[in-house]
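Keep in mind it's a predicted model, so treat the numbers as computed, not measured. Lettering of chains follows the sequences in order, A, B, ..., and the numbering in each one begins at 1. The figures here come from the full heavy-atom set of this structure, side chains too, leaving out hydrogens, waters and symmetry mates.
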Protein chains: 2
Amino acid sequence: MRLMKDLYIKDILHNRVATSSCSTMGWIKSKRTSKQTIFIDLCDSTGCIQLVLEKATLGGDIFNQAKKITIESAIEISGTINDTKNNREIIVNSFTIISAATKHFTPELRSDFDVFDEKYTSHILSNRHLYIRNPKLMAIQKFRNLLLYHMRTWFFENDFLEIAAPVLTNTTLYDAESTAIPVNLHGQSVFLSQCAGYYLEASAMAFEKVYNISPSFRAEESKSKRHLIEYWHIKAELTFGNLEDIINIVETIIRYLIEKLQQEKEIENIFKTLDTEFCLDGLKTPYPHISYEEAVSLLQENGCDIKFGESIGNEKEEKILFEKFRSPLWLMGMPRSVEPFPYVIDEKDNRVTKTADLIASNLCGELLGVAEKIYDIQMLDERFREKGLNKDARYEWIRDVHKMGCVPHIAFGMGVERLIRWLMNIPHVRDAHPFPRIFDRKFIV
Amino acid sequence: MRLMKDLYIKDILHNRVATSSCSTMGWIKSKRTSKQTIFIDLCDSTGCIQLVLEKATLGGDIFNQAKKITIESAIEISGTINDTKNNREIIVNSFTIISAATKHFTPELRSDFDVFDEKYTSHILSNRHLYIRNPKLMAIQKFRNLLLYHMRTWFFENDFLEIAAPVLTNTTLYDAESTAIPVNLHGQSVFLSQCAGYYLEASAMAFEKVYNISPSFRAEESKSKRHLIEYWHIKAELTFGNLEDIINIVETIIRYLIEKLQQEKEIENIFKTLDTEFCLDGLKTPYPHISYEEAVSLLQENGCDIKFGESIGNEKEEKILFEKFRSPLWLMGMPRSVEPFPYVIDEKDNRVTKTADLIASNLCGELLGVAEKIYDIQMLDERFREKGLNKDARYEWIRDVHKMGCVPHIAFGMGVERLIRWLMNIPHVRDAHPFPRIFDRKFIV
């Protein structure tokens, strides 16, 4: 296959060039000009290299043209590789402007400013189509690409089959009125999927081990650091397991992902560019467990206003839990009052479900949930009545699945952006998505 | 990792059992009863095996209980492996009902009926949550899983970075009023994505080679065999290439996919179950080319009512093209009148764009499109004016990308379900998706 560009900057930097002369294309990150010399930092997708443009070599006309090149313009250059004490550079002997940049942005798109500083947040979000070129935001996307590749490879190698659960659905996981995004489709009122679970459950009765990685939608009016309206959701279900099994599987996956990512040759550079550290807390399996009831007591003792049956998860509560355990933590047995209907009621304590939430370390909050899912039609109907869904015809197909040889099955669900935020030590989930959709912001991009 | 089920039916069939006794779980596909013996076909995700239940071994009570088990009930069994002249079977010495099926469906969910017969279409679509267990529909999903795995592996190994283009977007590819699905999001009017292209284009100026595989949406009121309202879309863009490059890349990918799929150990069984043949026409690269203008002439000569500037693609037209070439076929240079704005106008003939559509063999119609994308802001503005979008503020961010060192770039887009339909020789794209959304059908599942 012939591609027009056959030499990338990393190839030049790492000696994969046959001769001392080379040609490549890229974008101008920055430029410093003196009377006789122009220094340009040229970037492409793989790295940056210094170009040296000398008046003596290029001649006055071309040198003057080069002086006027704007930041972010794309150029093609040829030159000679020159190794200095600290760096490799290219002494340019010819250059062509491929495409001149005609707008100017502050901070410069590819400059090394702190993209997480809140004073830039709104500006970056409004110009995400351009700041996607920023090296820090690029480093996050490179990490995301590696993470998803290894995640899918794990599923493939462990015989999980990918199921395309639809985005357009009748059946919401949470309360449709307050948390689902409605769509009017040729007169039929449907929703954007909140969770692939129902479709995976039906598919698990055929394929036994299934997964889905695709966008999921929540209309929640939340401004927290871990909510997006549209996020990528990793969901898996498998038959014939219990809560302990799914906890083991999740711990295995997190350990696998961290170990595979550590072995990636780009990983060091990613974290160096981002100026953060790879969070390795996930390697310390098994993670400690605390029951929901014990957690409520602990929080009450520490002055939190929480009662049995309410959700745990505001920042104060998570801080107390983290300071006690300093580790990822399994919060076991969420109360039936706050959990949606699909999860098994604990036969030992019918106030709670056979579920667990994994609370990430470093105050990143809830990372994922695991559950034993209901397979018995009587228990399902009991939960439908409890949630007021028993007369809702849209859920009838889920009852059908439970009437047709439905076997015990287990599930986990995890937000891709939350996982990235935790592993990369970045402040907000929005930066883990290349084009985040955030409550209360108009779409510009 | 411990999983409750450690022995699958394929393990028993293929001798991966240590002793002659075994236990497993599965679903009852069918049952034949005589006075002294019951024969059950037991299925799981990996295969089917015959169970032999003998009154003499099990005793009268348990034998009578077994007689009453309904089709699709899930059971756990133990027994002794017995090899007959033609088959391996299990002589059952104990069984437990995990979950009894309490409804009955005709045809039986896992039976080998012709799922493509139109007399079953509506019934299957209304009960897709259950017929997903059908061996033919399962075979298609197993193929889909392998196909997507190899597709992503190709992208990964060829340094394409996965970009999560958002589903919720301001900017439609085609006419928003007639072809996009609108969403009211907290008072803002947006759309479900028709194409990841704009986001990939912006990202390509950072990462150079990018791709996205995710759901895409078209509100078209089409009842053709190759339209779904929601389908999975493979999109890739890369910088610094031309139309010839992207044609080469697509041919490379199709050949790679077919070759990898041919090597999969499950592939023979998939096509045997489905009772179709793997379409290998894609291996015959390079595919022939015909210009749009020549194609219009050819169609006119054969009695089609088509004029230069109109779309090619109804069944009659495709039949004429297929009978002439009997191969996948590149239809070169679509007219600017029917193509959306992002594609380069051909400098040699400004009535057409630098695009090509790949017409699949076997009357499967348009499989994918490739293009040189506009990088010059003047050409972009000319096309915006032509399409009436020049005063539409929603497209302003795309103009920004073209003002900031936008370089020549190329793209392809392909529907996953169309590719599967073609490669698997199945009549309709709907069966390539586990839970298809089809115009004019209410959502039941």
Problem - B/T239 side chain near A/K5 side chain, heavy-atom distance below 4.5 Å - result: no

Completion exercise
Interface check, chain A: of B/Y199, B/F217, B/F439, B/W232, most non-hydrogen pairs under 4.5 Å belong to B/Y199

Exercise for the section: Please look at A/A204 and chain B and tell me whether the side chain, the backbone, both or neither of the residue comes under 4.5 angstrom of a heavy atom of that chain. Expected result: backbone

Exercise for the section: Might you point out which heavy atoms bring A/H129 and B/W397 nearest each other, and give the distance in Å? Expected result: CD2-O, 3.2 Å

Practice task
Could you pull out all residues at least two apart from B/F443 that satisfy ring pair (Phe, Tyr, Trp, His ring centres under 6.0 Å)?
Solution key: none

Practice task
Sort A/E251 into side chain, backbone, both or neither according to what part of it lies under 4.5 angstrom from a heavy atom of chain B.
Solution key: neither

Problem - Region of A/Y198 in contact with chain B, defined by heavy-atom distances below 4.5 Å - result: neither

Practice task
Output the option from A/I163, A/T169, A/N184, A/T171 having the highest count of non-hydrogen pairs under 4.5 Å with chain B.
Solution key: A/T169

Fill in the blank from the handout: Comparing B/L130, B/V401, B/I246, B/L168 against chain A, the one with the most heavy-atom pairs below 4.5 Å turns out to be B/L168

Practice task
From the options A/W154, A/F156, A/Y149, select the one residue that forms a ring-ring contact (aromatic ring centres under 6.0 Å, His included) with B/Y149.
Solution key: A/F156

Handout entry: Residue part contacting chain B, namely of A/F155, when any heavy atom lies under 4.5 Å
Key = neither

Exercise for the section: To the nearest 0.5 Å, tell me how far A/I181 CD1 sits from B/L192 CG. Expected result: 9.5 Å

Problem - The single option from A/I132, A/T46, A/N145 passing side-chain contact (heavy atoms from CB on, under 4.5 Å) against B/F207 - result: A/I132

Exercise for the section: Against chain B, label A/E208 side chain, backbone, both or neither, depending on which of its atoms sit under 4.5 Å from a heavy atom there. Expected result: both

Problem - Which atoms of A/L109 approach chain B - backbone, side chain, both or neither, heavy atom under 4.5 Å - result: side chain

Handout entry: Pairs of heavy atoms under 4.5 Å with chain B: top-ranked of A/N170, A/V183, A/L148, A/T70
Key = A/N170

Practice task
Kindly indicate whether the side chain of A/F105, heavy atoms from C-beta on, has any atom under 4.5 Å from the side chain of B/D400.
Solution key: yes

Handout entry: Interface moiety of A/I97 toward chain B, non-hydrogen atoms closer than 4.5 Å
Key = neither

Practice task
Rounded to the nearest 0.5 Å, what's the gap from CE on A/M205 to OG on B/S45? Could you check?
Solution key: 11.5 Å

Exercise for the section: Inspect the contact between A/R144 and B/E162 and indicate whether a charged nitrogen and a carboxylate oxygen are less than 4.0 angstrom apart. Expected result: no

Exercise for the section: Go through B/V445, B/V407, B/I377 and name the one with the most non-hydrogen pairs under 4.5 angstrom from chain A. Expected result: B/V445

Problem - Side-chain heavy-atom pair B/W27, A/M404 within 4.5 angstrom cut-off - result: no

Handout entry: Between CG on residue B/L146 and CG on residue A/L161, distance to nearest 0.5 Å
Key = 8.0 Å

Practice task
Please look at A/N127 and chain B and tell me whether the side chain, the backbone, both or neither of the residue comes under 4.5 angstrom of a heavy atom of that chain.
Solution key: side chain

Fill in the blank from the handout: Assert top hit (heavy-atom pairs under 4.5 Å, partner chain A, pool B/E72, B/H186, B/E76) equals B/H186

Exercise for the section: Measure the spacing between OH of A/Y375 and CD1 of B/I98 and express it to the nearest 0.5 Å. Expected result: 8.5 Å

Exercise for the section: Can you tell which part of B/A164 gets under 4.5 Å to a heavy atom of chain A, answering side chain, backbone, both or neither? Expected result: both

Exercise for the section: Count the heavy-atom pairs under 4.5 Å between each of B/P166, B/P434, B/A74, B/A202 and chain A, then report the option with the highest count. Expected result: B/P166

Practice task
Name the option with the most non-hydrogen atom pairs under 4.5 Å to chain B; the candidates are A/Q141, A/E396, A/R152.
Solution key: A/R152

Problem - Contacts of B/K29 that satisfy salt bridge (charged side-chain N to carboxylate O under 4.0 Å, His left out) - sequence neighbours left out - result: B/D112

Handout entry: Structural part of B/Q188 lying under 4.5 Å from a heavy atom of chain A
Key = both

Handout entry: Any donor-acceptor N/O pair, B/S73 side chain to A/G405 backbone, under 3.5 Å
Key = no

Fill in the blank from the handout: To the nearest 0.5 Å, atom NZ of A/K403 lies from atom NE2 of B/H104 at 15.0 Å

Problem - Region of B/V190 in contact with chain A, defined by heavy-atom distances below 4.5 Å - result: side chain

Handout entry: Nearest-0.5 Å distance, CG of residue B/L185 to CD1 of residue A/I229
Key = 5.0 Å

Exercise for the section: Name the region of A/R441, side chain, backbone, both or neither, that has any atom closer than 4.5 Å to a heavy atom of chain B. Expected result: backbone

Fill in the blank from the handout: Given A/P215, A/A206, A/G187, A/P408, the one with more heavy-atom pairs under 4.5 angstrom with chain B than any other is A/A206

